Amino acid sequence: MKFSALALTAATCIASASAEFFITENFNDDSWSSRWTVPTSWKPKGEMGAWKHTAGEYYGDADDKGIQTSEDARFYGLSAKLDKPFVSGDKPLVIQYSVKHEQNLDCGGAYIKLLPGGDNFDAKSFGGDTPYAVMFGPDICGSNKRTHAILHDFEKDDNLLIKKDVGTETDDLTHLYTLIVSPDNTIEVHVDNKSVRKGALDDEFDFLLEKKIKDPDASKPTDWVDNAKMPDPDSKKPDDWDDQPEEIVDPDAKKPEDWDDEDDGEWEPPMIDNPDFQGEWKPKMIDNPDYKGKWEHPMIDNPDYKYNDDMYKVCRDGCTHVGFEIWQVKTGTLFDDIIVTDSIEEAKEYAEKTFFKKKEGEKKMYDEQLEAKRAAAASEMPEDDDYMGDMGMGDLMGDEF
């Protein structure tokens, strides 16, 4: 079922009366598809993949389902309206959801978007070009493995990517991703409720102009000497320097006894490098007495710099929808337990009721299946074959995982 703020409050008994839940979705009822819309005008039908409602191949609770990508090399789109709009104000924005890659993901996104639009949001056309306020979550392709954190900047009317890479989990188990954008203009990313990145928005993103700039009125003096070395004026090229050719006839070469000038032509001895050839002459270099060092452009305060107290207001005009628009080469990513709230504590409590409740059971079933795969593979191997030590988890689990 879909949790409401009232249900969560009753269930936990300690929920803050001031906390608000803008969406909570665990996909545990068959009517989930009535709340979510697959875009039909984003990509041609043949390029779109179907969402599968499932608990996956291994799980902590067979009745606790999510939505999973199910066809290789396809685009996947899906969006849902928030229960009420989130408007950036004096409380944090918290986005949290879980991701499980059952397919040993080689290239594909698994990020979620928070979107504006209100009544004008076009769910049928939702796709990569749809304006968004936040894009957050893991993205893996080859050696590039990161957790995206992209925020919309109203001042620049641009989407800003976090400047430092945020790592991501790459194993086959479910992991919980949490993004917190706070009114004190800070950002924090949690993975499995552990902080993996935290900092000020103006340090982590290019929201602001540089505080210092090069002085536009300054330039390097025309007489500035920045060459540390100079040719020795007393160094002169020897008169016989160019007398030696680069190649000479090999003095040890002899005309073959069976050489016939009439049939083979006139014999010419081979050429070899001249050991006395000295190459291009260059004068000796000495320290430059006029060297002043490397010239550095003077810096001044940027007159256009100003601090923006509202950097965190990514939903200044209200965010009304969440959605997935991703591409996956190898399919099998399962999404679950989505929450958008203004309470960090409530997000943690929701994680305890969902992600952490299932975590141990999923790991136990996963390990059992892995051990069964290993045993089956070992029983089919010759006794003297020891290649199992080099097999990775993906090899053992097979394509169905």
Side-chain angles (χ1 to χ4, degrees), residues 25 27 32-33 35-59 65-80 97-115 122-132 134-150 159 161 165-175 177 321-338 362 366 369-370 373 391-401:
E25 177 66 82
F27 301 103
W32 71 271
S33 59
R35 300 186 295 272
W36 291 79
T37 302
V38 175
T40 54
S41 303
W42 174 34
K43 297 288 182 182
K45 185 176 180 180
E47 297 180 16
M48 296 291 292
W51 293 96
K52 183 179 180 181
H53 189 216
T54 177
E57 295 291 341
Y58 41 93
Y59 39 77
K65 298 180 179 180
I67 53 169
Q68 186 177 44
T69 57
S70 64
E71 299 173 80
D72 290 346
R74 292 290 189 272
F75 291 95
Y76 289 87
L78 202 62
S79 67
Y97 71 118
S98 68
V99 179
K100 177 171 62 167
H101 300 304
E102 291 190 337
Q103 74 277 43
N104 189 20
L105 182 65
D106 54 355
C107 190
Y111 39 79
I112 194 170
K113 287 184 173 181
L114 183 63
L115 309 126
D122 187 355
K124 292 183 178 180
S125 297
F126 168 60
D129 294 330
T130 303
Y132 62 88
V134 177
M135 175 173 148
F136 170 64
D139 189 18
I140 296 173
C141 198
S143 61
N144 294 317
K145 300 176 175 64
R146 62 173 61 90
T147 298
H148 281 308
I150 303 176
N159 297 322
L161 174 66
D165 274 356
V166 182
T168 192
E169 297 293 333
T170 58
D171 61 32
D172 302 328
L173 297 170
T174 301
H175 292 283
Y177 292 86
H321 290 74
V322 290
F324 299 97
E325 59 84 16
I326 58 179
W327 160 264
Q328 290 200 332
V329 174
K330 195 174 181 182
T331 196
T333 299
L334 191 148
F335 301 97
D336 202 1
D337 301 328
I338 302 167
E362 178 189 298
Y366 176 77
Q369 290 187 6
L370 183 60
K373 284 281 184 179
M391 290 186 69
M393 188 176 300
D395 299 316
L396 290 166
M397 297 299 284
D399 289 340
E400 69 263 36
F401 293 98

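Keep in mind it's a predicted model, so treat the numbers as computed, not measured. The analysis underlying the following values was restricted to heavy atoms, covering all of them including side chains, and did not include hydrogens, waters or symmetry mates.
Under the 4.5 Å side-chain criterion, counting only non-hydrogen atoms from C-beta, Glu71 is in contact with Tyr76. Side-chain contact between Thr174 and Glu362: present, with at least one pair of heavy atoms (C-beta onward) separated by less than 4.5 Å. The closest side-chain heavy-atom distance from Tyr111 to Phe136 is not below 4.5 Å. Contact of the Ile326 side chain with the Thr69 side chain is registered, since non-hydrogen atoms from C-beta on lie closer than 4.5 Å. Considering only heavy atoms from C-beta on, Glu25 stays 4.5 Å or farther from Tyr97 through its side chain. The shortest side-chain heavy-atom distance between Val166 and Tyr177 does not fall under the 4.5 Å cut-off. Using a 4.5 Å heavy-atom cutoff, the side chains of Phe126 and Thr37 are not in contact.
Of the N and O atoms on the side chains of Thr333 and Gln328, at least one donor lies less than 3.5 Å from an acceptor on the other residue. Remark: the Thr54 side chain and the Gln68 side chain contain no N/O donor-acceptor pair separated by less than 3.5 Å.
Residue His101 comes nearest to Ala110 through the heavy atom pair CE1-CB, 3.7 Å, listed as atom of the first residue, atom of the second, then distance. The shortest heavy-atom contact between Leu105 and Lys330 is CD1-O, 3.5 Å. Of all heavy-atom pairs spanning Ile338 and Ile112, the tightest one is CG2-CD1, 4.0 Å. For Glu169 against His175, the heavy-atom pair with the smallest separation is CB-CD2, 3.4 Å. A pairwise comparison of heavy atoms in Lys52 and Ser70 identifies CB-CB, 4.1 Å as the closest pair. Between Phe27 and His53, the shortest heavy-atom distance links the atoms O-NE2, 2.5 Å.
The line from NZ of Lys113 to OG of Ser79 is 11.5 Å long, rounded to the nearest 0.5 Å. Considering SG of Cys141 and CZ of Arg146, their distance stands at 10.0 Å, rounded to 0.5 Å. Interatomic distance, Leu78 CG to Ile67 CD1, rounded to the nearest 0.5 Å: 5.0 Å. Rounding to the nearest 0.5 angstrom, the gap separating the OG atom in Ser98 from the CG atom in Leu334 is 7.0 Å. Phe335 CZ to Trp51 CH2: the interatomic distance, rounded to the nearest 0.5 Å, is 5.0 Å.
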Please report the C-alpha distance between Tyr132 and Ile150 in whole Å, then the side-chain angles of each, then the deciding distance to 0.1 Å, and finally whether the side-chain contact (heavy atoms from CB on, under 4.5 Å) criterion is met.
CA-CA 9 Å; Tyr132 62 88; Ile150 303 176; 3.5 Å; yes

Decide side-chain contact (heavy atoms from CB on, under 4.5 Å) for Tyr58 and Leu173; before the verdict, give the C-alpha distance in whole Å, the side-chain angles of both, and the deciding distance to 0.1 Å.
CA-CA 9 Å; Tyr58 41 93; Leu173 297 170; 4.2 Å; yes

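Ring-plane geometry between Trp327 and Phe75 is classed as tilted, the angle between the planes lying from 30 to 60 degrees on a 0 to 90 degree scale.
Atom NZ of Lys145 has more than 12 neighbouring heavy atoms from other residues, nucleotides or ligands inside a 6.0 Å radius.
Distance alone, capped at 3.5 Å, is enough to place a donor-acceptor pair between the Gln369 side chain and the Glu57 backbone.
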